[in-house]
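Report on the following structure.
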Amino acid sequence: MGGGGRMSLPGSNDIVERAPSGKPPFTFGEVKKAIPPHCFNRSLVRSFSYLAFDFVIVVLLLYSTTYYFTMSGILGWVLWLGYWAAQGCVLTGVWVIAHECGHHAFSDFTWVDDTVGLVLHSCLLVPYFSWKYSHRRHHSNTGSLERDEVFVPKPKTELTWASKLSSNPPGRLLTIAVTLTLGWPLYLAFNVSGRKYPRFACHYDPYGPIYNNRERLQILVSDIALLVVAYALYLFASAYGLASLIKIYAIPLLVVNGFLVLITYLQHTHPSLAHYDSSEWEWLKGALLTIDRDFGILNHVFHHITDTHVAHHLFSTMPHYHAMEATKAIKPILGSYYCYDNTPIYKAVWREFRECVYVEADSPKKGGVFWYKNKFT
């Protein structure tokens, strides 16, 4: 089916150019050929250097908290707020490196990637292997209404009363707050916003429908690793107090979880992006249904997962330190199929939650291609 076209956003002066939804005029091989070969090379030393740099910052920030405990009043709280924001951002970068491990983009050695990824993600209370496998399926089925794994939009017929109640500024603000604070744990524990399965799906369940028999043992390993970390946190709280655990660890982790949901949501949610059912979906079309965003200086802190996500979805085993060069190389080939939006993040979040409520085909004759809409009547 054809794609493209212009659409105005109700309540604003924005004109959004729909991304093409037809078959791309280029092949995956042609896109890959445009990228310098060295961009696909993974360096164990270089990957560890980025991780080591992040760890140094994390440790320095932790060390600085020894001074905050002696300060009271407004100055003390300002310093804590600075620590929470900075530590949350840096740990989000660590999260991204663990994410690379899950894609086998950290090194040439699978056992190294899985060992590093398991340690890093477990310390951030992420079930490494569980998420690794579900996330790979997301990459294999991006944009498919039946098989994609995360932020799968609902058709209008499946909207609940809560969707209608939240279609106003106060309700929308509450929805954003809940999504950014609880969205990640709800997805892991209850598959909220995820793919529909015939029975209850949970990332902690080795025998859940998300996983096959070859993967179940590794899901159990992820669970055990989380229990080890949970016990370590219990020992810390017992020794130094629950308040210290919350200030030093829990609040920065909330920041990490919030950024994770924010980044992922904005990468896959935009008024210009289509979704497909099985009659229209193809892997390359689906892989291009992601959008690069500009997080400013945080692009560097987050190892460019924010502004090179299109390239990442096409070549997920490519290390992040080559992604900028690869993105520049593929833009001329992708043309209008390359999606980028530099709208300030706070404006983009509000707009996407306002405009991208459900998906619907423009008409019965154009079934197979579904666009974001927000009208209830």
Passes side chain to side chain donor-acceptor pair (under 3.5 Å), His99 versus His312? Steps please.
CA-CA 11 Å; His99 155 266; His312 170 67; 3.2 Å; yes
Would Asp114 and Tyr128 count as a side chain to side chain donor-acceptor pair (under 3.5 Å) here? Give the steps.
CA-CA 8 Å; Asp114 283 342; Tyr128 170 73; 2.8 Å; yes
Please walk me through it: do Ser47 and Tyr321 pass side chain to side chain donor-acceptor pair (under 3.5 Å)?
CA-CA 8 Å; Ser47 293; Tyr321 39 82; 3.1 Å; yes
Do Glu280 and Lys285 meet the salt-bridge criterion of a basic N to acidic O distance under 4.0 Å?
yes
Does the separation of the ring centres of His135 and His203 fall below 6.0 angstrom?
no
Looking at Asp292 and Lys331, is there a salt bridge between them, counting it only when a charged N and a carboxylate O are closer than 4.0 Å?
no
Is a side-chain donor or acceptor of Arg216 paired with a backbone partner of Gly208 at a separation under 3.5 angstrom?
yes
Do the two ring centres, one from His320 and one from Tyr50, sit under 6.0 Å apart?
yes
Applying side chain to side chain donor-acceptor pair (under 3.5 Å) to Ser107 and Asp113, what does each step give before you reach the verdict?
CA-CA 6 Å; Ser107 76; Asp113 290 12; 2.6 Å; yes
I'd like to know if Glu352 pairs up with Lys347 as an ion pair, taking the criterion as any Lys NZ or Arg NE/NH1/NH2 lying under 4.0 Å from an Asp or Glu carboxylate oxygen.
no
Would you say the side chain of Ile219 lies within less than 4.5 Å of the side chain of Asp205, judging by non-hydrogen atoms?
no
Any cation-pi pair here, Lys32 with Phe40, using under 6.0 Å and within 45°?
yes
Hey, is Glu100 close enough to Arg46 for a salt bridge, meaning N to O under 4.0 Å?
no
Can you confirm whether or not the ring centre of Phe315 sits under 6.0 Å from the ring centre of Phe28?
yes
Taking the six-membered ring of Trp77, is the NZ or CZ of Lys247 close enough (under 6.0 Å from the centre) and on axis enough (within 45°)?
yes
Considering only NZ, NE, NH1 and NH2 on the basic side and carboxylate oxygens on the acidic side, decide whether Asp341 and Arg293 come within less than 4.0 Å.
yes
Looking at Glu149 and Arg195, is there a salt bridge between them, counting it only when a charged N and a carboxylate O are closer than 4.0 Å?
yes
How about Tyr249 and Phe236: are their ring centres within less than 6.0 Å of each other?
no
